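In this chain, numbering begins with 1 at the start of the sequence shown. In this text the structure is predicted, and so the values were computed from the model without any measurement.
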Amino acid sequence: MSQDKFDLSKVHQCFEKCLTGEDDVFIDGYLEAFKELYKFFSLMGTVFGFVSSDVKEKVEILEKLRQHPEHGVEFETVRKMMDYERGANLLDKKDYVSGCRTLLRLHRGLDFIYVFLKRLGELETADARTNGICQTAYNETLAQFHPWLIRKGANVAMYALPNRDQLLERVCREPSEAIRMLPEMLNVARQVYDRTQDLYTQFDMHGLP
């Protein structure tokens, strides 16, 4: 099996690392999980082009902030990052790329990924079509943050999605194993999403432009 295939178990392990602190989310595990999710979108080709390029860019921005020689420690967790950027008045600084704003884009993407994979796991037959569930997942989540042109292009591209098992064969190392462990991974991903959502609510940052 190609090492470049999507590894669901790795996503699960990385998201678990995010939850080691109470009421907080560790950013290193979050970024590692998204690197693996990026493989999923890349292996689907142009269908998910509207997501994959954005994910890659946002992960690189956050990694750069995390590796900063002076301030990298401030980006260890989501709460620390929010405290730091707000306290240092960085959220409105013109020449600064905000970690909070960048993570918010990934956070919204995780909502889409969660809903899509959850519905993929609920498909009962190998030849069940995936385009409908993908369009619905997108329209319920990410679409509300995208302009009309991107929404239109994304929905058209999704018509090309294959059936359930063809999709899993294309992206996963072990499709049958992926289906088996999908509920467990989704459970952890949901905890990460909910905890991050709570932090954005506490800090009143859902509306960051």
Side-chain angles (χ1 to χ4, degrees), residues 6 8-41 48 50-68 71-88 90-92 96-121 137-146 182-209:
F6 172 61
L8 201 71
S9 64
K10 185 170 181 181
V11 178
H12 180 247
Q13 290 162 12
C14 292
F15 276 142
E16 278 193 322
K17 289 179 189 173
C18 294
L19 301 169
T20 51
E22 195 173 326
D23 298 326
D24 207 347
V25 175
F26 280 83
I27 288 176
D28 288 346
Y30 194 98
L31 296 180
E32 287 302 313
F34 261 91
K35 282 184 185 176
E36 200 61 32
L37 290 167
Y38 172 73
K39 288 184 191 176
F40 176 87
F41 291 119
F48 284 121
F50 70 99
V51 177
S52 58
S53 58
D54 202 42
V55 165
K56 187 173 189 291
E57 179 195 8
K58 300 298 186 276
V59 167
E60 287 173 355
I61 290 169
L62 285 162
E63 281 188 324
K64 206 168 283 185
L65 290 169
R66 183 75 181 98
Q67 292 159 8
H68 192 282
H71 308 299
V73 68
E74 305 293 352
F75 297 88
E76 182 184 16
T77 72
V78 174
R79 185 182 292 278
K80 285 178 75 172
M81 175 177 70
M82 290 176 170
D83 272 330
Y84 170 67
E85 289 196 340
R86 172 164 286 171
L90 293 170
L91 295 171
D92 299 316
Y96 177 75
V97 181
S98 163
C100 294
R101 186 176 289 110
T102 301
L103 185 75
L104 181 59
R105 272 52 178 180
L106 291 178
H107 175 64
R108 292 168 178 171
L110 181 56
D111 194 21
F112 164 64
I113 294 163
Y114 173 84
V115 175
F116 173 53
L117 290 179
K118 183 174 186 293
R119 290 181 180 163
L120 183 70
Y138 172 69
N139 289 327
E140 287 178 359
T141 58
L142 265 183
Q144 62 188 296
F145 304 107
H146 286 165
L182 187 57
E184 193 177 349
M185 187 282 280
L186 288 171
N187 179 50
V188 178
R190 190 72 216 177
Q191 291 178 59
V192 172
Y193 177 84
D194 288 345
R195 196 177 283 190
T196 306
Q197 181 80 350
D198 287 346
L199 286 163
Y200 273 97
T201 300
Q202 286 175 39
F203 283 81
D204 192 22
M205 289 185 181
H206 286 293
L208 286 174

Report task. Please list all pairs passing the side chain to side chain donor-acceptor pair (under 3.5 Å) test where one or both residues lie in residues 25-35, with sequence neighbours left out. Result -> D28-R66, E32-K35, K35-E63
Query - Any pair counted as side chain to side chain donor-acceptor pair (under 3.5 Å), so long as it reaches residues 100-116, sequence neighbours left out - result: H107-Q197
Query raised in the report: How far does CD1 of I61 sit from CG of L103, to the nearest 0.5 angstrom?
Result: 11.5 Å
Query - Polar side-chain atom of Y138 near backbone of F116 as donor-acceptor pair, under 3.5 Å - result: no
Report task. For side-chain contact (heavy atoms from CB on, under 4.5 Å), just list the numbers for F34 and K58, CA-CA rounded to whole Å, side-chain angles, deciding distance to a tenth of an Å, and then say yes or no. Result -> CA-CA 10 Å; F34 261 91; K58 300 298 186 276; over 6 Å; no
Can I get a per-line list of side-chain donor-acceptor pairs under 3.5 Å for residues 13-22, giving both atom names and the distance, sequence neighbours left out?
from	atom 1	to	atom 2	distance (Å)
T20	OG1	K17	O	3.2

Report task. Ignoring hydrogens and angles, tell me if any N or O in the side chain of Q144 forms a donor-acceptor pair with the backbone of T141 under 3.5 Å. Result -> yes
Report summary line: In short, G99 meets L62 closest at the heavy-atom pair O-CD2, 3.7 Å
**Report entry** F112 side chain reached by V51 side chain, heavy atoms, under 4.5 Å
**Finding:** yes
Report task. Begin from the C-alpha positions of M205 and R86 and carry the test side-chain contact (heavy atoms from CB on, under 4.5 Å) through to its verdict. Result -> CA-CA 10 Å; M205 289 185 181; R86 172 164 286 171; 3.9 Å; yes
Query raised in the report: Which heavy-atom pair separates K118 from L186 by the least distance, and what is that distance?
Result: CA-CD1, 3.5 Å
Query - Contacts of N187 that satisfy side-chain contact (heavy atoms from CB on, under 4.5 Å) - sequence neighbours left out - result: Q191
Query raised in the report: Does a side-chain heavy-atom distance below 4.5 Å link L65 with M81?
Result: no
Requested in this report: Considering only NZ, NE, NH1 and NH2 on the basic side and carboxylate oxygens on the acidic side, decide whether K64 and E60 come within less than 4.0 Å.
Outcome: no
Query - All side-chain contact (heavy atoms from CB on, under 4.5 Å) counterparts of K80, not counting sequence neighbours - result: V73, E76, T77
Report summary line: CG of L37 to OG of S52, rounded to nearest 0.5 Å, is 12.0 Å
Report summary line: Rounding to 0.5 Å, atoms CG (L110) and CZ (R190) come to a distance of 8.0 Å
**Report entry** Over all atoms of both residues, closest heavy-atom pair of L104 and Y200
**Finding:** N-OH, 3.0 Å
Requested in this report: Can you see which heavy atom on L199 is nearest to which on D24, and at what distance?
Outcome: CD1-OD1, 3.8 Å
Report task. List for me each residue that meets salt bridge (Lys or Arg N to Asp or Glu O under 4.0 Å) alongside R119, sequence neighbours excluded, and say none if there are none. Result -> E140
Query raised in the report: Parallel, tilted or perpendicular: which fits the ring planes of F40 and F48, with parallel below 30° and perpendicular above 60°?
Result: tilted
**Report entry** Ring centers of F75, H68 separated by less than 6.0 Å
**Finding:** no
Query - D194 atom CG, neighbour heavy-atom count above 12 within 6.0 Å - result: yes
Report summary line: Nearest heavy-atom contact between L117 and M185 is CD1-CE, 3.8 Å
